[in-house]
Protein chains: 2
Amino acid sequence: MPTKKVNPKKDKNAETKIKDAARSVFHKKGFAATRTRDIAEEAGINLALLNYYFRSKEKLFQIIMKETMMQFMHSMVSNFNDTETTLNRKIELIADAYIDLMIAEPEIPLFILSEIRANINDFFDSMPLGKVLLNSTLVKQYKEAQAQGVIADLKPIQFIMNLMGLIVFPFVAAPMLKKIGDIEKEDYEKLMLQRKTLIPIWIESILQP
Amino acid sequence: MPTKKVNPKKDKNAETKIKDAARSVFHKKGFAATRTRDIAEEAGINLALLNYYFRSKEKLFQIIMKETMMQFMHSMVSNFNDTETTLNRKIELIADAYIDLMIAEPEIPLFILSEIRANINDFFDSMPLGKVLLNSTLVKQYKEAQAQGVIADLKPIQFIMNLMGLIVFPFVAAPMLKKIGDIEKEDYEKLMLQRKTLIPIWIESILQP
DNA sequence: GTCTATAACGTGATAGAC
DNA sequence: GTCTATCACGTTATAGAC
């Protein structure tokens, strides 16, 4: 059995190189602004190989889009439906997981929002996200807490908007906010890490009855 | 002196029709995904007229982008720098103005965020938004309140992220949130109107020391 | 599997008649 | 000012040699 190579870049075959490059370029520029030549160049392969392996730009994009959505939704769905954790703890875990993900891949949220708008039905047809969130354990616990009167009377969807807005918006608007605040990348990440602990506190104070 | 026509669509000349169509299509699809033929069709004019009046797609886009940024920044800068209003009142006015604007033109926030990312330096070079917000009256009042210990110790930029996130995110993510919550356009607008009064309350409770 | 060369197509832009 | 016809170019995709 051959030992795994140490350098992860060196032992990648052409197909993997193309996919990785495609992910990077699509995430940064979106479908329409991306040229297949950009991807080939970034991957360091011949342009014809892209079509050889993936048939078309469209098909390659669909693969990347699907994987990216899955990656983004996965921790959401699993965190939202954990039956072992309290409401407050879930909020901590969600903030933690998403901020880590977006520090690692800051292009993802704006990519998803832009491409979903361009192609709204394609994705929701193939993944019935529809009722998943509103039937989640998190929302059940939220409604229960409301019935007990321990949190404010606020629609679940408003609560989710607040939670996601506080978590995601600073990443979606990062280029603008960095300019406004004259903040370097490393300092911006520190601000985001602070928000991991602050957001659960803020959400709690918002929900005070 | 000729009386103004009643129907605003009928008396528009070709140049105005093109600009209005361009704004609409660019806002919806962004620069890269927009074809000049889309604009011409939407405007109901001949494709050649677009170049006759605006020279190029690029030039036309720059005009739209500049106007849109101005529209979006205008109420921000003026509200942020009003010396007659208290901090709490400013937050109310900002939420009110922005939610009204985005109900009227829901495509604007995602358009701006996407195109700024694609073209980050072009815009901030021509409009020195840099220090405008952090030197604003609002931020001065915010710091003053902190010095007096009446609000929590939280960096101004974090405060602005929260405020903007709570206001803007539901519009940026509207297509996704509508699907998740199974919400129609009119009901979604009602939720947004509720947030006008809720956001100032939430911000206040977040800032509780 | 990988390359070069080129076909096929879409899009931005213009020439020139009216 | 407005139109038709067309050019010029960039981009996606493929044929065919190796």
Side-chain angles (χ1 to χ4, degrees), chain A residues 2 5 7-67 111 114-115 117-119 122, chain B residues 2 5 7-68 111 114-115 118-119 122:
Chain A
K5 298 276 168 46
N7 185 331
K9 186 123 191 185
K10 274 227 166 123
D11 61 353
K12 281 197 291 191
N13 56 17
E15 186 171 356
T16 309
K17 280 194 279 187
I18 293 168
K19 225 172 93 172
D20 290 349
R23 179 163 27 245
S24 167
V25 179
F26 279 140
H27 282 185
K28 268 204 273 285
K29 314 215 289 182
F31 178 79
T34 296
R35 300 173 312 150
T36 52
R37 283 170 164 79
D38 298 334
I39 297 172
E41 198 179 335
E42 172 96 8
I45 53 95
N46 186 284
L47 175 55
L49 285 185
L50 191 151
N51 294 87
Y52 175 77
Y53 282 111
F54 296 98
R55 190 79 188 164
S56 73
K57 177 189 175 185
E58 181 79 32
K59 291 244 197 315
L60 177 53
F61 177 78
Q62 282 169 6
I63 291 170
I64 300 300
M65 183 70 197
K66 190 156 196 169
E67 286 188 6
F111 168 78
S114 300
E115 298 300 332
R117 177 183 55 162
N119 241 341
D122 296 12
Chain B
K5 298 277 169 45
N7 185 330
K9 185 125 192 182
K10 274 226 167 125
D11 60 354
K12 281 197 290 190
N13 57 16
E15 186 171 354
T16 310
K17 280 194 279 188
I18 294 169
K19 225 172 94 172
D20 290 349
R23 178 164 26 246
S24 168
V25 179
F26 279 140
H27 282 185
K28 267 204 273 287
K29 314 216 290 184
F31 178 78
T34 296
R35 301 174 310 149
T36 52
R37 284 169 168 80
D38 297 334
I39 297 172
E41 198 178 335
E42 172 95 7
I45 54 94
N46 187 283
L47 174 57
L49 284 185
L50 191 151
N51 294 86
Y52 175 77
Y53 281 112
F54 295 97
R55 189 78 189 167
S56 74
K57 177 188 176 185
E58 181 79 31
K59 290 244 196 317
L60 178 53
F61 177 77
Q62 282 168 4
I63 290 169
I64 300 299
M65 183 70 196
K66 190 154 195 171
E67 286 187 8
T68 304
F111 167 78
S114 301
E115 298 300 332
N119 242 340
D122 296 13

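Each chain gets a letter, A, B and so on, in the order its sequence line appears, and its residues count up from 1.
Closest heavy-atom contact between Phe26(B) and Phe111(B): O-CD1, 3.3 Å. Of all heavy-atom pairs spanning Glu115(A) and Gly30(A), the tightest one is OE2-CA, 3.2 Å.
Separating the NZ atom of Lys57(B) from the C1' atom of dT14(C) is a distance of 17 Å, rounded to the nearest angstrom. Rounded to an integer number of Å, the gap from CG of Leu50(B) to P of dT14(C) is 11 Å. The CZ-P distance, from Phe54(A) to dT12(D), rounds to 16 Å in whole Å. Rounded to whole angstrom, the span from the CD atom of Glu58(A) across to the C1' atom of dC9(C) amounts to 16 Å. Atom C1' of nucleotide dG16(D) and atom CG of Leu49(A) are separated by 15 Å, given to the nearest angstrom. For the pair Asn46(B) CG and dG1(D) C1', the interatomic distance rounds to 11 Å; values are reported in whole Å. When the C1' atom of dC3(C) is taken as reference, atom CD1 of Ile18(A) falls 13 Å away, rounded to whole Å. Rounded to an integer number of Å, the gap from CG of Asp38(B) to C1' of dA13(C) is 16 Å.
Among the nucleotides dT4(C), dA13(D), dT4(D), the one closest to the side chain of Ala48(B) is dT4(D). Across dT12(D), dT11(C), dT2(C), the shortest atom-to-atom separation from the side chain of Arg37(B) is found for dT11(C). Out of dT12(D), dC3(C), dG1(D), the shortest distance to the side chain of Tyr53(B) is found at dG1(D).
Heavy atoms of Tyr52(B) sit under 4.0 angstrom from at least one base atom. Using a 4.0 Å heavy-atom cutoff across all strands shown, Arg55(A) reaches sugar-phosphate atoms only and no base atom.
Side-chain nitrogen and oxygen atoms of Thr36(B) include none within less than 4.0 Å of the OP1 or OP2 phosphate oxygen of dT11(C). Listed pair Asn51(A) / dT12(D) fails the phosphate criterion, with no side-chain N or O lying under 4.0 Å from OP1 or OP2.
For Glu67(B), the CD atom sits in a packed shell: over 12 heavy atoms of surrounding residues, nucleotides or ligands are nearer than 6.0 Å. Residue Lys57(A) qualifies as enclosed at atom NZ: its count of foreign heavy atoms under 6.0 Å is above 12.
When each of Ile45(B) and Arg35(A) is assigned the nucleotide of DNA chain D with its nearest heavy atom, Ile45(B) is the one assigned upstream, toward the 5' end.
At least one side-chain heavy atom of Leu60(A) sits under 4.5 Å from a side-chain heavy atom of Ile39(A).
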